[in-house]
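For reference, the structure discussed in these notes is given below.
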Amino acid sequence: MLDDFMVRATLAGIGVAFAAAPLGCFVVWRRMAYFGDATAHAAILGVALSLAFSMSIFVGAVIVALLMALTVSFLSGRGYAMDTLLGVLAHSALAFGLVAVSFLSGIRIDLMAYLFGDILAVSRGDLAVIWGGALLVILLIFWRWSALLTATLNEDLAYANGIDPKREQLALTVALAVTVAVAIKVVGVLLIAAMLIIPAAAARPLSRTPEGMALIAGLIGTLSAVIGLRAAYVFDTPAGPSIVCVAAMIFLVSSVLRGFQTAR
Amino acid sequence: MNLVEVKDLSVSYGAQKVLSGVSLNVTAGEIVTIVGPNGSGKTSLLRAIIGAVKPVKGRVGRAQGVKLGYVPQRLHIDETLPMTVSRFLKLPGGVGQAQIDRALKQAGVPDLSNAQLSKLSGGQFQRVLLARALIGKPDLLLLDEATQGLDQRGSAAFYQQIEQVRQETGCAVLMISHELHVVMSASDRVICLNGHVCCEGTPAVVASAPEYRALFGTGTGGALALYRHEHDHGHDHSDHAHDHDHKEAAQ
């Protein structure tokens, strides 16, 4: 079954959708969309470094994404507005990454594969890394779920319950870095934030509880991956962007549904 | 028995000192109110007690196994976060539906269990926050301007609810409030704070203390300090004409 590249691609897409769904909910609730973008853009620098030092791309991307996320956490609240800070860091990381890749003259690299993903080329080994990383993220978030939710609602409320919001923030940061690293192959660094935010945002009008929203986001992400891949095959379009397009259309439908609900 | 004992507490945010040398304690079952002008460190004091800020000096001691219930000043629930009242009360975990129903009843909102948090009115929301603070059967309830944004009737009703909760559960209450007239009548003890403890004691003692009057008497034309009687004031307002004071108070 895994011999078929479409099967491998679909499984890879579903793996990323599962990890991105609960994490994406927190990104939406905590207004971290730009934060996710910055972390994802930094990963291209990680790719360049991995290729330069012949490391696994996954490891390089995790390390650089984590460093980026920690830098943002550290610098926030130190004199710059958060969106300015993230705008500076996200785009400089991307620019430095692209420049760094150009130095690697000895190796022929398909840059597009890292920017927009190369899901149809997912190997069995890639699949193992993607599902391993996705399971790690899901377990981490499942384990910290209540504490994360409490800290997301209000930091002082968390302290009063004996929860350290900074520790929960760190857990999210690690989860984000791992998700970015496993998603590079699937949707590429430029569209990772879309996989985090769009399914979660589309799930919002359909949910009454945080848990419900995470589950529905997972379903929407999975649906987007399956339909998007199929569409890419039929219409011969790029796979990663096709997945994001499907997610965006589901978001549109769910927003319209909400419009009807409130109008009633 | 002292539930919480604050000794010589100093708190700073960066170079800015907000509290210095604050000592206070709360004993079982009493209602203590902290009053003070904006920026006097009231919220910082509560945050230090729940452990959200680290003191630069001094310490916050809690009695063995004492349970705190905290009602924050305001809580913004992001529209993107779907949350029913009962799910909110279950955070961070280990609470059953029976306890939720009991806490909501104690807080005076028994029927809100399935409502969405983002759809509640200001008064309902404060009561849900109160219910969440009550759910762990706290020995000490900490309220940070819990009636902010409520109208006078709403806040009076809220304080009555607090008094009733105290009678039912016997928990102590440490609260911050701006509404001096309501608070003064409902408190066992008042602490007047302005970076340090200016004065403290029963409402009557604090109301007649010159430090309290210096903070709340001038500038407001005496209107705020005069919660009790128009004639028990005036002599220490040397910079005000007396009849001016009376006019303001009579309004």
Side-chain angles (χ1 to χ4, degrees), chain A residues 22 24-33 77-79 142-168 171 196-217 251 254-255 258 261-262, chain B residues 13-14 43-54 60 62 66-95 113-119 125 128-130 132-136 138 140-145 174:
Chain A
C25 286
F26 280 106
V27 169
V28 167
W29 296 333
R30 297 168 74 107
R31 312 208 154 187
M32 290 165 59
R78 268 165 227 259
F142 186 74
W143 174 44
R144 307 303 314 166
W145 183 262
S146 286
L148 272 169
L149 260 184
T150 312
T152 299
L153 278 169
N154 183 278
E155 294 207 342
D156 286 348
L157 222 50
Y159 278 118
N161 281 308
I163 295 163
D164 182 357
K166 293 199 190 74
R167 197 181 52 206
E168 305 310 323
L196 288 170
I197 294 158
I198 299 178
R204 171 63 186 96
L206 311 172
S207 13
R208 280 182 54 79
T209 59
E211 292 76 19
M213 181 159 151
L215 276 179
I216 296 174
F251 170 77
S254 109
S255 299
R258 171 157 69 176
Q261 269 176 355
T262 39
Chain B
Y13 296 120
T43 295
S44 300
L45 178 56
L46 279 205
R47 294 189 73 220
I49 291 174
I50 61 169
V53 279
K54 295 263 172 298
V60 175
R62 296 186 197 168
V66 75
K67 280 179 287 188
L68 304 182
Y70 174 65
V71 180
Q73 188 168 23
R74 64 178 92 82
L75 196 123
H76 173 75
I77 299 282
D78 202 291
E79 262 292 309
T80 58
L81 177 56
M83 183 78 86
T84 60
V85 168
S86 69
R87 182 68 191 90
F88 177 61
L89 296 188
K90 276 181 193 143
L91 281 174
V95 182
S113 187
N114 286 318
Q116 280 286 318
L117 275 191
S118 53
K119 298 269 187 282
F125 197 92
V128 168
L129 284 178
L130 175 63
R132 187 174 182 280
L134 289 172
I135 213 154
L140 173 61
L141 201 53
L142 301 149
L143 302 130
D144 189 354
E145 301 210 23
L174 177 62

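So that the names make sense, note that chain A is the first sequence line, chain B the second, and so on, each numbered from 1. Just so you know, these numbers come straight off a predicted model, no measurement behind them.
Within the model, atoms CH2 of A/Trp145 and CG of B/Leu91 stand 10.0 Å from one another, a figure rounded to the nearest 0.5 Å. A distance of 4.5 Å separates CG in A/Asn154 from CG in B/Leu75, rounded to the nearest 0.5 Å. Taken from CD in B/Gln116 to OG in A/Ser207, the straight-line distance is 9.0 Å, to the nearest 0.5 Å. Once rounded to the nearest 0.5 Å, the distance linking CH2 of A/Trp29 with CD of B/Glu79 reads 14.0 Å.
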Q: Kindly indicate, with the supporting measurements, whether the criterion side chain to side chain contact (heavy atoms under 4.5 Å, CB included) is fulfilled by A/Glu211 and B/Arg87.
A: CA-CA 10 Å; A/Glu211 292 76 19; B/Arg87 182 68 191 90; 2.6 Å; yes

(Q) Under the criterion side chain to side chain contact (heavy atoms under 4.5 Å, CB included), I'd like the reasoning laid out for A/Leu153 against B/Phe88: C-alpha separation, chi angles, the key distance, then a yes or no. (A) CA-CA 9 Å; A/Leu153 278 169; B/Phe88 177 61; 3.4 Å; yes

Q) What's the verdict on side chain to side chain contact (heavy atoms under 4.5 Å, CB included) for B/Arg47 and A/Asp156, showing C-alpha distance, side-chain angles and the deciding distance? A) CA-CA 7 Å; B/Arg47 294 189 73 220; A/Asp156 286 348; 2.9 Å; yes

**Q.** Residue pair A/Met213, B/Leu81: steps toward the side chain to side chain contact (heavy atoms under 4.5 Å, CB included) verdict
**A.** CA-CA 9 Å; A/Met213 181 159 151; B/Leu81 177 56; over 6 Å; no

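A distance-only check finds no donor-acceptor pair linking the side chain of B/Arg132 to the backbone of A/Leu157 [under 3.5 Å]. A side-chain donor-acceptor contact under 3.5 Å links A/Arg204 to the backbone of B/Thr80.
Using a 4.5 Å cut-off between heavy atoms, A/Glu155 does not touch chain B at all. Heavy atoms of A/Leu148 lying under 4.5 Å from chain B are absent altogether. Heavy atoms of B/Asp144 lying under 4.5 Å from chain A are absent altogether.
Between chain B and the residues A/Asp164, A/Asn161, A/Ile163, the most heavy-atom pairs under 4.5 angstrom are made by A/Asn161. Counting heavy-atom pairs closer than 4.5 Å to chain A, the top-ranked of the candidates B/Asn114, B/Ile49, B/Leu68 is B/Asn114.
Considering all non-hydrogen atoms of both residues, A/Pro210 and B/Pro82 come closest at CD-O, 3.0 Å.
Residues B/Asp78 and A/Arg31 form a side-chain contact, since some pair of their non-hydrogen atoms from C-beta on lies under 4.5 Å apart.
A 6.0 Å sphere centred on OH of B/Tyr13 holds more than 12 heavy atoms belonging to other residues, nucleotides or ligands.
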